[in-house]
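FYI, the numbering just counts along the sequence from 1. Source: prediction; values computed, not measured.
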Amino acid sequence: MNPGPVMLDVAGLELRPEEKDLLRHPATGGIILFSRNYENSAQVTHLIRSLRAVRPELLVAVDHEGGRVQRFRAEMTAIPAMGSVGAFHEQDPARAEGWATDCGTVLAWELTQLGVDFSFTPVLDLDYGRSAVIGNRSLHREPTRVCALARALVRGLRGQGMSAVVKHFPGHGHVTVDSHLGLPVDERTWDELESADLIPFRALLDCAGVGALMPAHVLYSAIAPEPAGFSPFWLQTLLRQRWGFEGMILSDDLTMGGAVTWGGGAEERTHLALDAGCDAVLVCNDVSASEQVLESLERIYFSPQLEQRWMKMRATSDAPLFQRERDYHEAHRRLQGMEE
């Protein structure tokens, strides 16, 4: 059975019997793990194996950017906030880009050893000093620096066989409202976005190793009538038709405030996102919503494109294991030097 268009979550450190039915549903395509799912490496490895014992083809992901957004902590390397890497780029660009690659190498090696396929990283939002939820998750304020650092990070991920997910398209950094809590409205014009926030996304979508994009739950009121994650303009007209992006488009969590504020029940939001151009949707932290979404998709036909795009997100590498392990240890050593 091929992966479907829904990414779900699970409640705790072990897979519960009632969760297995959700995993077996044909609309389920992947699982996103959170801090509540992680105690140590042995435990989460067992959890991931138990997920795949139910559905071997499931993709497993986690938000593991570094800094304050790193879901797995114990026995894992503390990845620095990307903003700290970006700040050093002003002093020594080459060294900062090297550190960005090292961050990608280290987080990808450690996650893939656990059985994780991909992390939702890098963040391409610009740091305007306005968005607390973005803040130092952003690589920098300047688009050219974000491009250089993000490319470097993606090189590290790719070297370990992990695809990147760029987010939050077309840019979350200029709004103050946290989209986890409400719907931010960005009133800037197309020209303003094109000359700044869109630059890193346009550049990175041509970068080998970028397999997916996540749109923001932000309404760009001067450009389209829907938030980006529900917008045919942003997802189809711009991404697919004008820019020719062939990778995966993964919604942000449809239970977030920005999505809920836009309206409709979980199943309606799911169909709006898929109809707008998302390949798959995240539905997290609400079992009832997950059940409703899966039930609403029982009779939907899933295209071969969905399977192909999912498969590109599976962690795999042609590089020998010893080479990837050596690269990891060298990158880990250099990151320790960054902290010093």
Quiz item: Can you tell me how far CD1 of I31 sits from CG of D9, rounded to the nearest 0.5 angstrom?
Solution: 7.0 Å

Quiz prompt | Donor-acceptor contact present, side-chain N37 to main-chain V10, <3.5 Å | solution = yes

Quiz item: Is there a donor-acceptor contact under 3.5 Å from the side chain of R145 to the main chain of R141?
Solution: no

Quiz item: Using 4.0 Å as the upper bound for N to carboxylate O, is an ion pair formed by K167 and D63?
Solution: yes

Self-check item: R130 with D125: basic N within carboxylate O range, under 4.0 Å
Solution: no

Exercise. Could you pull out all residues at least two apart from T28 that satisfy side chain to side chain contact (heavy atoms under 4.5 Å, CB included)?
Key: L8, H25, R55, L58, L294

Quiz item: Between CD1 of I134 and CE of M82, what distance do you get to the nearest 0.5 Å?
Solution: 14.0 Å

Self-check item: Atom CD of Q323: over 12 foreign heavy atoms under 6.0 Å
Solution: yes

Quiz item: Can you find a heavy atom in the side chain of P215 that is under 4.5 Å from one in the side chain of W234?
Solution: no

Exercise. Using the six-membered ring wherever Trp is involved, compare the ring planes of W262 and F230 and label them parallel, tilted or perpendicular (cut-offs 30° and 60°).
Key: parallel

Quiz item: Can you tell me how far the CG atom of L235 sits from the CZ atom of F245, to the nearest 0.5 Å?
Solution: 10.5 Å

Self-check item: L193 with V175, same ILVMFWY side-chain cluster at under 4.5 Å
Solution: yes

Practice problem: Please confirm whether the backbone N or O of G182 pairs with a side-chain atom of T261, one donor and one acceptor, at under 3.5 Å? | Solution: no

Practice problem: Might you work through the side chain to side chain contact (heavy atoms under 4.5 Å, CB included) test for S179 and V133, ending with a clear yes or no? | Solution: CA-CA 8 Å; S179 57; V133 73; 5.5 Å; no

Self-check item: ILVMFWY network linking L149 to I79, side-chain heavy atoms under 4.5 angstrom
Solution: yes

Quiz item: D102 and salt bridge (Lys or Arg N to Asp or Glu O under 4.0 Å): which partner among R333, R155, R334, R95?
Solution: R334

Quiz item: So, T189 versus D191: side-chain donor-acceptor pair below 3.5 Å or not?
Solution: no

Quiz item: Any donor-acceptor pair under 3.5 Å linking the side chain of E19 with the backbone of A11?
Solution: yes

Quiz prompt | V106-V123 co-clustered via ILVMFWY side chain contacts under 4.5 Å | solution = no

Quiz item: Distance-only, no hydrogens or angles: does the E14 side chain make a donor-acceptor pair with backbone N or O of H46 under 3.5 Å?
Solution: no

Practice problem: Applying side chain to side chain contact (heavy atoms under 4.5 Å, CB included), run through I249 and F169 and close with a yes or a no. | Solution: CA-CA 10 Å; I249 300 178; F169 176 79; over 6 Å; no

Quiz item: Can any side-chain N or O of R314 pair as donor or acceptor with the backbone N or O of E57 at less than 3.5 Å?
Solution: yes

Self-check item: Side-chain heavy-atom pair E97, R151 within 4.5 angstrom cut-off
Solution: no

Quiz item: Out of curiosity, H64 NE2 to Y38 OH, how far, rounded to the nearest 0.5 Å?
Solution: 8.5 Å

Quiz prompt | Donor-acceptor pair, side chain of Q236 and main chain of A276, under 3.5 angstrom | solution = yes

Self-check item: Same cluster (ILVMFWY, side-chain, under 4.5 Å), L51 and V54
Solution: yes

Quiz item: Do any N or O atoms from the side chain of R73 and from the backbone of A78 form a donor-acceptor pair under 3.5 angstrom?
Solution: no

Quiz prompt | Qualifying residues under side chain to side chain donor-acceptor pair (under 3.5 Å), relative to W243, sequence neighbours excluded | solution = none

Quiz prompt | Any donor-acceptor N or O pair under 3.5 Å, side chains S288, Q292 | solution = yes

Donor-acceptor pairs are to be reported for all side-chain atoms of residues 156-165 against protein atoms at under 3.5 Å, with residues two or more places apart or in another chain.
{"residue": "Q160", "atom": "NE2", "partner": "R324", "partner atom": "O", "Å": "3.0"}
{"residue": "S163", "atom": "OG", "partner": "K312", "partner atom": "O", "Å": "2.8"}

Quiz item: Atom CG of L213 and atom NE2 of H168: how far apart are they, to the nearest 0.5 Å?
Solution: 10.5 Å

Exercise. Please report the C-alpha distance between D186 and D197 in whole Å, then the side-chain angles of each, then the deciding distance to 0.1 Å, and finally whether the side chain to side chain contact (heavy atoms under 4.5 Å, CB included) criterion is met.
Key: CA-CA 12 Å; D186 190 328; D197 301 63; 5.5 Å; no

Quiz item: Given R309 and E246, is the side chain to side chain contact (heavy atoms under 4.5 Å, CB included) satisfied, shown in steps?
Solution: CA-CA 8 Å; R309 287 169 178 161; E246 293 294 334; 3.5 Å; yes

Quiz prompt | Hydrophobic cluster identity match, F201 and I223, side-chain contacts under 4.5 Å | solution = yes

Quiz item: Going by the angle between their ring planes, with limits at 30° and 60°, are Y328 and W109 parallel, tilted or perpendicular?
Solution: parallel

Quiz item: Donor-acceptor pair, S231 side chain versus A228 backbone, under 3.5 Å?
Solution: no

Quiz item: Quick one: CD on E39 to CG on L47, what's the gap to the nearest 0.5 Å?
Solution: 11.5 Å

Quiz item: Is it the case that more than 12 heavy atoms not belonging to E187 sit under 6.0 Å from its CD atom?
Solution: no

